[in-house]
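In this text the structure is predicted, and so the values were computed from the model without any measurement. All values below were derived from every heavy atom in this structure, side-chain atoms included, with hydrogens, water molecules and symmetry-related copies excluded.
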Amino acid sequence: MIKIEDYPLSRVPEDKRVSFLSVAVVHMGMLTALDQFMLGAVLGNSMSLIDAFIAIFVGSLIFGVVTFGLGVSGMREGISGSLLARWCGFGRIGSVLIGLVIAVSLLGWFGIQNAIFAKSLNFALGDKLGFAWSAALSGTFLTILVAFGFKALRITARIAVPLFILLVFFISYNVLSGQSLSEIIKLVPGGEPLSISTGITIVVGGAIVASLITPDLTRYSKNKQHVFGITIFTIIAGEFIVNGLAILIARSLSSADVVTIMSQTAGGIGLLVVVFSTLRVNDINLYSSSLGVVNAVEGITGKKLKYTATTVVIGLLGTLLSVLGILDRFVDFLTVLGVVFPPIIGVMLVDYYILRTHRKVLDDSRKAGKLPDETPVIGWTAILASIAGSLVGLFTEWGVPTINSLVAASVFYWLCKIILKRYAATIIVQNASQ
């Protein structure tokens, strides 16, 4: 059985590697939940059917390439994504900063998922509490649940993902069985229009955190064929099935509101499953975000924050985001994720596969079954390249933002490293001649 918290600072031994399905099921779970359905509903309500599926195809292609690349490196080295970043350009402090960025993104996801929980609660109560009070209550409840370890509710919440998938198929059958594809294609999207480039970016943004933490799972894989299969299965299940069905349902009902879709088509049972889904996903979001902040602060300052207190603070911040209306900025949130994380992944892939800066020390230490003895402190070039790539993605008006940020960061990092290497070689020659 996979335990992500096992071997946090060491390689996964070869005899601890597990079967293809053991890793694939966990990986697919990251993209077969409520957030992917929300994303598909937005695409379906804001784009033509053909444009929406083009966005899914191109976004999935980008996700697949970078996920497979990172997944293979994690499998080969047997280490998590945050550890791998230390020897892929970022160094120890740089990898800690990446963990902090992930933690902040999970805080945003907490706010969005809690807003869905709150809307469901408020709807069930006949709008007696109002959204703000519902969000405050649901966020506080979930924060206490995670901070103080009410394991019974956590275990109960784990049945939410399969229940949600069954609910999606049930709703799909009820809504789509009486309609032909040609009729759905003719329907006019009712939401604010999105361009194909924006659609691609938010598809990548909805899945890119899963891509970055893929090595956390594939370090348990036995070979790269398994990693390829895991990537393909996740894309088919998460992007084309869950997203695809959500697109069709949203177009048929002319709504991107998950609560409205569930209440109209499945009644109270649908709302209950949505609540359990948000419990399950936010349990992970808050737990991982808290650990990320604790590890980042310890890595940078040496101070160890208390987990419970950190969880409470982060949970309250996420709750505040819900109350302030982060759900209304869902597309903007995904767009930011879609241009901030690809540069980080691009830098790691360029360093590991092209420049191979630390491949020798990784190879030597892997033969000994341990981590390299030397760890770079901080990789300024990687950090600057990631920031530059993000800025290109955010502020350029042409092309696809997520592709722009990925390519810009990768090229910037590669050129800077080549120039610095040649400059260092020149200095050595000059010193030797003197």
Side-chain angles (χ1 to χ4, degrees), residues 31-63 112-113 115-116 119-120 123 161 163-207 234-267 269-271 273-274 277-278 327-335 337-338 400 402:
L31 260 66
T32 52
L34 180 63
D35 46 4
Q36 285 299 305
F37 188 88
M38 292 166 56
L39 170 58
V42 169
L43 294 177
N45 197 46
S46 300
M47 305 178 73
S48 71
L49 193 64
I50 294 176
D51 287 353
F53 277 97
I54 289 175
I56 285 182
F57 177 78
V58 178
S60 297
L61 186 62
I62 296 169
F63 170 78
I112 286 171
Q113 300 283 358
I116 294 293
K119 288 190 70 172
S120 302
F123 184 90
V161 171
L163 273 180
F164 185 77
I165 293 174
L166 289 175
L167 180 65
V168 168
F169 281 110
F170 172 76
I171 292 174
S172 300
Y173 176 79
N174 282 349
V175 173
L176 303 177
S177 57
Q179 300 187 57
S180 66
L181 185 60
S182 60
E183 292 174 339
I184 297 175
I185 290 176
K186 293 177 183 177
L187 294 173
V188 178
E192 185 177 342
L194 293 177
S195 65
I196 291 180
S197 64
T198 301
I200 293 169
T201 299
I202 66 173
V203 168
V204 174
T234 296
I235 289 173
I236 292 174
E239 300 291 2
F240 286 97
I241 295 180
V242 175
N243 267 356
L245 289 175
I247 288 172
L248 297 176
I249 292 169
R251 288 185 67 80
S252 298
L253 298 179
S254 190
S255 175
D257 188 334
V258 172
V259 175
T260 299
I261 291 173
M262 297 302 172
S263 61
Q264 284 184 356
T265 54
I269 294 177
L271 289 178
V273 173
V274 169
S277 297
T278 56
L327 184 60
D328 297 331
R329 314 299 300 179
F330 183 53
V331 171
D332 295 332
F333 175 71
L334 292 182
T335 300
L337 294 187
V400 181
T402 193

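- In this structure, Ile269 places its CD1 atom where only 12 or fewer heavy-atom neighbours from other residues, nucleotides or ligands lie under 6.0 Å away.
- A distance of 9.0 Å separates CG in Leu31 from CD1 in Ile235, rounded to the nearest 0.5 Å.
- Between Val274 and Met262, the shortest heavy-atom contact is CG2-CG, 3.3 Å.
- In this structure, CG on Leu271 lies 9.5 Å from CG on Leu167, to the nearest 0.5 angstrom.
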* **Intermediate values then yes/no, side chain to side chain contact (heavy atoms under 4.5 Å, CB included), Phe169 and Leu245** => CA-CA 8 Å; Phe169 281 110; Leu245 289 175; 4.0 Å; yes
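- Put simply, the side chain of Arg251 gets close to the backbone of Met47: a donor and an acceptor are under 3.5 Å apart.
- Put simply, the side chain of Thr402 gets close to the backbone of Gly338: a donor and an acceptor are under 3.5 Å apart.
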* Residues Val175, Ile261; criterion side chain to side chain contact (heavy atoms under 4.5 Å, CB included); working and verdict -> CA-CA 10 Å; Val175 173; Ile261 291 173; over 6 Å; no
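- The shortest distance between side-chain heavy atoms of Phe63 and Val203 does not fall below 4.5 Å.
- Under the 4.5 Å side-chain criterion, counting only non-hydrogen atoms from C-beta, Asn174 is not in contact with Thr265.
- Closest non-hydrogen pair, Glu239 versus Ala207, comes out as OE2-CB, 3.7 Å.
- Inter-residue side-chain proximity for Leu248 and Leu49 is flagged as met; some heavy-atom pair is nearer than 4.5 Å.
- For the atom pair Phe57 CZ and Phe240 CZ, the distance stands at 6.5 Å (nearest 0.5 Å).
- Separation of atoms CZ (Arg329) and OG1 (Thr335) is listed at 10.0 Å; rounding is to 0.5 Å.
- Considering all non-hydrogen atoms of both residues, Val259 and Ile116 come closest at CG2-O, 3.9 Å.
- Here the closest heavy-atom approach between residue Gly206 and residue Leu39 is recorded as CA-CD2, 4.4 Å.
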* Asked: Please walk me through it: do Phe330 and Ile202 pass side chain to side chain contact (heavy atoms under 4.5 Å, CB included)?
  -> CA-CA 9 Å; Phe330 183 53; Ile202 66 173; over 6 Å; no
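- Counting all heavy atoms, side chain and backbone alike, Ile247 lies closest to Ala52 at CD1-CB, 3.8 Å.
- In this structure, Gln113 and Met38 approach most closely via the heavy-atom pair OE1-SD, 4.5 Å.
- One finds the CG atom of Asp328 at 10.0 Å from the CD1 atom of Ile112 (value rounded to the nearest 0.5 Å).
- Contact check for Thr260 versus Leu253: no side-chain heavy atoms found under the 4.5 Å cut-off.
- Taking the side chain as every heavy atom from C-beta outward, Val168 and Ser172 approach each other to under 4.5 Å.
- With rounding to the nearest 0.5 Å, the separation of OG in Ser195 from CG in Asp51 is 9.0 Å.
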* To do: Could you walk me through whether Val400 and Val58 pass side chain to side chain contact (heavy atoms under 4.5 Å, CB included), step by step?
  => CA-CA 10 Å; Val400 181; Val58 178; over 6 Å; no
